[in-house]
Amino acid sequence: GRSEGSPSPLALADDGNAVVALLKRKGFTELGVHGRSIGGIAACSIASANQDVVKLLVADRTFSTLSNVAKFTFGAWAQHGLRLATTHADNASAYLQARCYKVLLCDPRDTTIPD
């Protein structure tokens with residue numbers, strides 16, 4: 001509530017990268033990241049951007065792209081709205097770019113994550 005800034009996929013990833021930078025300064029050389037649902041944006045991005053220290057990525061019931069979630073949950077208008085707002089998150093690309101051990105969790109009964 002009282003924090004500043006605007007939440008966005010980029011802001012989530014920036015916050016996660018700041019945490020990784022702090023841990024690296026503290027001497028950590030091997031990290032694991034976990035992201036559930038929208039947290040998968042940050043986890044996949046962090047793993048992709050910090051391949052020197054991230055050794056494990058757990059993508060837990062996340063999605064391939066934020067626009068697909070909007071489309072399948074609310075309709076094509078929501079997908080177009082995200083594009084106009086330049087709110088973009090491509091988890092599939094970040095997941096594939098990450099060079100670490102990976103665990104991908106999914107729930108076939110999940111009604112929120114369409115893909």
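Atoms CG and CG, from Asp107 and Asp60 in turn, are 9.5 Å apart once rounded to the nearest 0.5 Å. Taking CD1 from Ile46 and SG from Cys100, the interatomic distance works out to 11.5 Å, rounded to the nearest 0.5 Å.
Sorted by first then second residue, the salt bridge (Lys or Arg N to Asp or Glu O under 4.0 Å) pairs that include residues 36-46, not counting sequence neighbours, number zero. Within the structure, the side chain to side chain donor-acceptor pair (under 3.5 Å) test picks out the following pairs touching residues 9-22 (sequence neighbours left out): Asn17-Asn50.
Leu57 places none of its side-chain heavy atoms less than 4.5 Å from the side chain of Val103. Two residues are said to be in side-chain contact when any heavy atoms from C-beta on lie closer than 4.5 Å; Val33 and Val58 fail this criterion. Inter-residue side-chain proximity for Ile41 and Phe63 is flagged as met; some heavy-atom pair is nearer than 4.5 Å.
The hydrophobic cluster containing Val53 does not contain Tyr101, counting ILVMFWY residues as joined when their side-chain heavy atoms lie under 4.5 angstrom apart, directly or transitively.
Here the side chain of Gln97 pairs no donor or acceptor atom with the backbone of Cys44 at under 3.5 angstrom.
Tyr95 carries Lys102 over the face of its six-membered ring, with the cationic atom under 6.0 Å from the centre and within 45° of the normal.
For Lys71, the NZ atom sits in a loose shell: 12 or fewer heavy atoms of surrounding residues, nucleotides or ligands are nearer than 6.0 Å.
A donor-acceptor pair shorter than 3.5 Å can be found between the side chains of Thr62 and Asn91.
When the side-chain hydrogen bond (donor to acceptor under 3.5 Å, both in side chains) test is applied to Lys24, the partners found at least two apart in sequence or on another chain are Asp52.
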